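What follows is one structure encoded as C-alpha cells, with my remarks underneath.
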Amino acid sequence: MARLELSNLHAEVADGDEKILEGVNLEVKSGEIHALMGPNGSGKSTTAKVIAGHPAYEVTEGEVLLHLEEGEFGDEIEIDDDQRSWNILDLEPNERAALGIFLGFQYPAEIEGVTMTNFLRTALNAKIDEREELFEDEDADEDDEEDEGFETSPMEGPADEGEVGVAEFQQILQEKMEELDMDERFAQRYLNAGFSGGEKKQNEVLQAAILEPSIAVLDEIDSGLDIDRLQDVSNGINSLRDEQGTGILQITHYQRILDYVEPDHVHVMLDGQIAKSGDASLAEELEDKGYDWVREEVYGTA
Ligand code: ADP
Ligand code: MG
Ligand code: MG
C-alpha cells in the first residue's frame with residue numbers, strides 16, 4: 001500500500017512569479033481512483049507536472065509526500081523505517097518513478113529505430129536499477145563497484161543482475177498486452193512513429209501496466225478519443241487498478257470517461273485549489289450544471 005499526499009502545495013512559474021497552485025491538499029492511496037476535474041486553466045496539469053518534478057514550476061510552499069508500507073516492492077526490497085516516507089519534491093523525476101509514481105503525460109518522443117518493446121524494457125530496467133540504488137543496503141556497495149566496468153548497450157545488451165532480460169520481458173509484455181486487449185503487432189512498431197492519438201493513449205496505459213506503479217497520474221488521457229478507444233483505454237485503467245492495485249489520479253475536463261472508469265472520489269479544482277470533493281455523483285452534477293455553481297457555493301460569487 002502506498003499513499004501520495006499533497007499538502008498545502010503552492011507552485012508558481014519557475015521563471016516568473018505567476019502563482020498557479022495556491023494550497024492544494026489531496027491524498028491518493030493504492031487501489032483508489034480519484035478524478036481531478038475543473039475548468040481550463042484551473043491548475044490540473046500543473047498539479048500533475050509538479051508531482052512529476054517538471055522544471056517549469058517552482059514549489060514555494062507545501063509538500064508532496066509518498067508513504068510506503070513494508071512489502072510495497074515485494075520481498076526482495078526491504079524498506080527500512082526511515083525509508084517509509086519521502087518528500088518527493090527532493091527527488092529527481094526518475095527517482096520518483098522508481099518509488100512507484102507514474103506520470104502519463106510524458107510521451108516519449110519518436111526515436112528512430114527503437115521499437116516499443118525495446119523502449120519499454122529499457123524503461124522497466126531503468127526503474128529496477130534506480131530502485132535498487134535507492135534501497136541498496138550498505139553491504140552491497142562493494143559488489144556494485146565491480147559491476148561498473150561492464151558496459152552494455154541499454155537497448156540490447158544482456159541483463160545485469162536484477163534486470164529483466166529479453167526473453168523474460170517478451171513474456172511480461174505478452175501477458176500485459178493480453179490483459180489490455182492490445183494487438184501484438186503494436187509492440188514491434190517503432191516508438192511513436194505514426195501512432196494515432198488513440199494509440200499513444202493506449203501506449204501510455206501499456207507503459208503503466210509494464211512499470212506497475214503504486215500511483216499513476218493520467219492527465220487528459222481521454223482527450224480526442226473516439227468511443228471505441230475510450231472504452232479500450234478505460235478498460236486498461238480499470239485493469240491497472242484491479243490487477244496491480246495502482247491508485248489512479250485521473251485528470252479530466254469532461255465527465256465522459258468517468259462513465260467507464262468509476263471514481264471513488266471526485267475533486268473540483270478552481271483557481272489553484274481543490275474547491276470541492278465528493279463521490280462519483282459530484283461528477284454527474286458537474287456534467288449537468290457546469291463548474292460555476294461550485295464557484296458560487298465556495299466563493300459566494302460566480
Ligand atoms: P489546466 O490543466 O487546469 O487547464 P494548467 O495547470 O495547465 O491548467 O494551467 C493553470 C494556469 O497556469 C493557466 O492560467 C496557465 O496559463 C498557467 N500556466 C501553466 N503553465 C504555465 C507556464 N509554464 N508558464 C506560464 N503560465 C503557465
Ligand atoms: Mg518563480
Ligand atoms: Mg491541463
Side-chain angles (χ1 to χ4, degrees), residues 1-6 26-36 48 51-52 64-80 83-86 88 91 94-106 120 123-128 130-132 134-135 162 164 168-169 171-182 201-219 221-222 231-252 257-258 260-267 277 279-280:
M1 174 79 85
R3 180 161 60 89
L4 184 69
E5 182 188 359
L6 280 57
L26 180 66
E27 203 175 277
V28 181
K29 294 196 194 90
S30 304
E32 294 179 340
I33 298 183
H34 291 247
L36 180 61
I51 295 171
V64 181
L65 300 174
L66 180 70
H67 306 282
L68 302 173
E69 267 178 22
E70 203 180 330
E72 178 61 28
F73 305 127
D75 300 336
E76 306 258 303
I77 291 182
E78 203 173 311
I79 304 177
D80 292 336
Q83 294 174 318
R84 292 287 165 83
S85 291
W86 302 74
I88 65 162
L91 301 174
N94 55 336
E95 294 174 320
R96 301 177 196 203
L99 288 174
I101 298 172
F102 177 83
L103 291 128
F105 59 85
Q106 291 171 325
L120 290 169
L124 178 60
N125 282 331
K127 175 177 170 171
I128 290 170
E130 189 70 56
R131 187 176 284 170
E132 263 176 18
L134 282 170
F135 291 96
V164 177
E168 189 189 349
F169 185 72
Q171 219 162 4
I172 296 173
L173 184 61
Q174 203 179 340
E175 260 169 47
K176 298 292 182 184
M177 291 185 81
E178 272 169 30
E179 239 168 65
L180 298 177
D181 238 348
M182 285 176 75
K201 305 289 166 110
Q202 266 189 308
N203 250 338
E204 203 173 304
V205 178
L206 176 61
Q207 225 179 306
I210 298 284
L211 295 177
E212 301 196 341
S214 314
I215 309 284
V217 181
L218 305 172
D219 191 5
I221 199 163
D222 51 341
Q231 267 170 3
D232 290 343
V233 165
S234 299
N235 290 342
I237 295 170
N238 286 325
S239 106
L240 292 181
R241 197 264 292 266
D242 298 341
E243 305 284 333
Q244 58 197 45
T246 299
I248 314 274
L249 180 59
Q250 164 103 24
I251 298 177
T252 180
I257 193 171
L258 304 180
Y260 306 103
V261 179
E262 202 191 328
D264 304 298
H265 304 274
V266 173
H267 311 277
S277 297
D279 60 18

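Because the structure is a prediction, the values reported are computed rather than measured. All heavy atoms count here, side chains included; hydrogens, waters and symmetry mates do not.
Between Arg131 and Ile77 there is a side-chain heavy-atom pair separated by less than 4.5 Å. Side chains of Leu173 and Ile210 form a contact here, defined as non-hydrogen atoms less than 4.5 Å apart. Asn235 places none of its side-chain heavy atoms less than 4.5 Å from the side chain of Asp181. At least one side-chain heavy atom of Leu134 sits under 4.5 Å from a side-chain heavy atom of Leu99. Counting heavy atoms from C-beta on, the side chains of Asp222 and Val233 never come closer than 4.5 Å. For the pair Pro263 and Leu258, the minimum side-chain heavy-atom distance is below 4.5 Å. Inter-residue side-chain proximity for Ile51 and Leu6 is flagged as met; some heavy-atom pair is nearer than 4.5 Å. A heavy-atom distance below 4.5 Å is found between the side chains of Asp232 and Gln202.
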Criterion salt bridge (Lys or Arg N to Asp or Glu O under 4.0 Å) on Arg84 and Glu70, from CA distance to verdict | CA-CA 8 Å; Arg84 292 287 165 83; Glu70 203 180 330; 3.7 Å; yes
Going through the distances and angles, do Val205 and Leu180 end up as a side chain to side chain contact (heavy atoms under 4.5 Å, CB included)?
-> CA-CA 8 Å; Val205 178; Leu180 298 177; 4.0 Å; yes
Begin with the C-alpha distance, continue with both residues' side-chain angles, and end with the deciding distance and a verdict on side chain to side chain contact (heavy atoms under 4.5 Å, CB included) for Phe169 and Leu124.
-> CA-CA 9 Å; Phe169 185 72; Leu124 178 60; 4.0 Å; yes
What do the steps show when you test Thr246 against Glu212 for side chain to side chain donor-acceptor pair (under 3.5 Å), and what is the final call?
-> CA-CA 7 Å; Thr246 299; Glu212 301 196 341; over 6 Å; no
Start with the C-alpha distance between Ile251 and Val217, add both sets of side-chain angles, then the distance that settles side chain to side chain contact (heavy atoms under 4.5 Å, CB included), and finish with yes or no.
-> CA-CA 7 Å; Ile251 298 177; Val217 181; 4.2 Å; yes
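The distance from atom CZ of Arg96 to atom CZ of Phe102, rounded to the nearest 0.5 Å, is 15.5 Å. Distance CG/Leu26 to CG/Leu4: 7.5 Å, rounded to 0.5 Å. In this structure, CD1 on Ile237 lies 12.5 Å from OH on Tyr260, to the nearest 0.5 angstrom. In this structure, CZ in Phe73 is found 5.0 Å from OG in Ser214, a value given to the nearest 0.5 Å. If you take OG1 on Thr252 and CG on Asp219, they are separated by 9.0 Å, rounding to the nearest 0.5 Å. Taking CG of Leu120 as the reference point, atom CG of Asn125 lies at 11.0 Å (rounded to 0.5 Å).
Between the side chains of His67 and Glu5, at least one donor N or O lies within less than 3.5 Å of an accepting N or O.
A donor-acceptor pair is defined here as one N or O able to donate and one able to accept, closer than 3.5 Å; such a pair exists between the side chain of Gln83 and the backbone of Asp80. With Asn238 contributing its side chain and Val261 its backbone, the two residues share no donor-acceptor pair below 3.5 Å. No donor-acceptor distance shorter than 3.5 angstrom exists from the side chain of Lys29 to the backbone of Met1, with no hydrogens or angles considered.
Across Ala2 and Leu68, no two heavy atoms sit closer than the pair CB-CD2, 4.0 Å. Shortest non-hydrogen contact noted between Gln244 and Ala208 is NE2-O, 3.3 Å.
Ion pair Arg241/Glu32 not flagged as a salt bridge, since none of the NZ, NE, NH1 or NH2 atoms sits closer than 4.0 Å to an Asp/Glu carboxylate oxygen. In summary, Glu178 and Lys176 do not engage in a salt bridge, as defined by a charged side-chain N under 4.0 Å from a carboxylate O.
Relative orientation of the His265 and His34 rings is parallel, given thresholds of 30° and 60° on the angle between their planes.
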